[in-house]
Amino acid sequence: MGYCIEMKSSKFFVPTEHTGRVFAMTQGQPYDFQLDSDGNITELEFIGEKLGNDFEMFQWIAPYVQDGSYIWMIGEDGDQWRWVFRSGVCKEIEAKVEWPDE
């Protein structure tokens, strides 16, 4: 079994000087990284189905990810969260959905 997840969107950047390290650290994980013509990682795609050690992996690579990067995920039960990168740290931020009064 497991907990199914889906990536809704992301803004993700790793400069060229760190792409080799990030690729090595994420080998075998369910993410595909896209490079621009300068060798920077500019996009990632979730190619898996279930939640694994994703957050832990992003904590490992956080020192190499540009501040302001994020990954927005949604779980099978509708829960939403972002993994947000700032100052070399990855934090998990849960979404809070509010309905306005009618």
Side-chain angles (χ1 to χ4, degrees):
M1 297 219 32
Y3 182 72
C4 292
I5 61 173
E6 167 187 353
M7 185 188 314
K8 296 302 287 180
S9 72
S10 68
K11 175 182 165 190
F12 194 80
F13 186 87
V14 175
T16 303
E17 61 266 20
H18 301 302
T19 57
R21 177 174 280 132
V22 168
F23 279 129
M25 295 173 79
T26 59
Q27 194 170 28
Q29 298 295 322
Y31 290 86
D32 185 27
F33 299 95
Q34 303 299 313
L35 301 175
D36 66 12
S37 60
D38 294 325
N40 301 299
I41 297 174
T42 56
E43 294 182 43
L44 80 157
E45 178 183 0
F46 178 62
I47 55 174
E49 294 179 5
K50 308 260 188 222
L51 183 63
N53 64 346
D54 304 56
F55 180 51
E56 183 178 331
M57 180 200 70
F58 289 123
Q59 289 176 312
W60 298 335
I61 67 169
Y64 313 108
V65 179
Q66 185 178 58
D67 282 2
S69 293
Y70 67 86
I71 302 148
W72 176 16
M73 305 297 281
I74 185 167
E76 64 186 28
D77 55 4
D79 285 350
Q80 298 183 56
W81 65 92
R82 281 186 175 181
W83 292 308
V84 177
F85 299 86
R86 183 156 323 285
S87 301
V89 176
C90 179
K91 293 185 178 182
E92 186 172 284
I93 310 296
E94 293 184 20
K96 181 179 175 185
V97 177
E98 293 185 39
W99 296 100
D101 292 336
E102 290 187 30

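Not measured: the values here are computed from a predicted model. Position 1 is the first residue of the sequence; numbering continues from there.
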Quick check: is [Y] connected to [X] through a chain of hydrophobic side chains (ILVMFWY, heavy atoms under 4.5 Å apart)?
| X | Y | value |
| --- | --- | --- |
| I74 | L51 | no |
| F85 | Y64 | yes |
| V65 | M57 | yes |

Supply the atom-to-atom distance [X] [atom1] to [Y] [atom2], rounded to the nearest 0.5 angstrom.
| X | Y | atom1 | atom2 | answer |
| --- | --- | --- | --- | --- |
| C4 | D77 | SG | CG | 10.5 Å |
| E92 | Q59 | CD | CD | 9.0 Å |
| I71 | F46 | CD1 | CZ | 11.0 Å |
| M73 | E6 | CE | CD | 8.5 Å |
| L35 | I41 | CG | CD1 | 6.0 Å |
| Q66 | R86 | CD | CZ | 10.5 Å |

Shortest non-hydrogen separation from [X] to [Y] and the atoms involved:
| X | Y | result |
| --- | --- | --- |
| G75 | W81 | N-CZ3, 3.6 Å |
| I61 | M25 | CG2-CB, 4.0 Å |
| V89 | A62 | C-CB, 3.7 Å |

Problem set entry | F12 ring center near Y31 ring center (under 6.0 Å) |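 Aromatic pair excluded; centres sit 6.0 Å or further apart.
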Exercise. For N40, which residues count as a side chain to side chain donor-acceptor pair (under 3.5 Å) partner, sequence neighbours excluded?
Worked result: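 Applying side chain to side chain donor-acceptor pair (under 3.5 Å) to N40 gives T16, D36.
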For this session: Determine, stepwise, if the pair N53 / W60 fulfils side-chain contact (heavy atoms from CB on, under 4.5 Å).
Result: CA-CA 11 Å; N53 64 346; W60 298 335; 4.0 Å; yes
Exercise. More than 12 foreign heavy atoms under 6.0 Å from CD of E17: is that the case here?
Worked result: yes
For this session: Would you please classify the geometry between the F55 ring and the W83 ring as parallel, tilted or perpendicular, with 30° and 60° separating the classes?
Result: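 Parallel.
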For this session: Test side-chain contact (heavy atoms from CB on, under 4.5 Å) on V14 and F23 and set out the steps.
Result: CA-CA 11 Å; V14 175; F23 279 129; over 6 Å; no
Exercise. Can you name the one residue among K11, M7, Q80 that meets side chain to side chain contact (heavy atoms under 4.5 Å, CB included) with W72?
Worked result: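 Single side chain to side chain contact (heavy atoms under 4.5 Å, CB included) partner of W72 among K11, M7, Q80: Q80.
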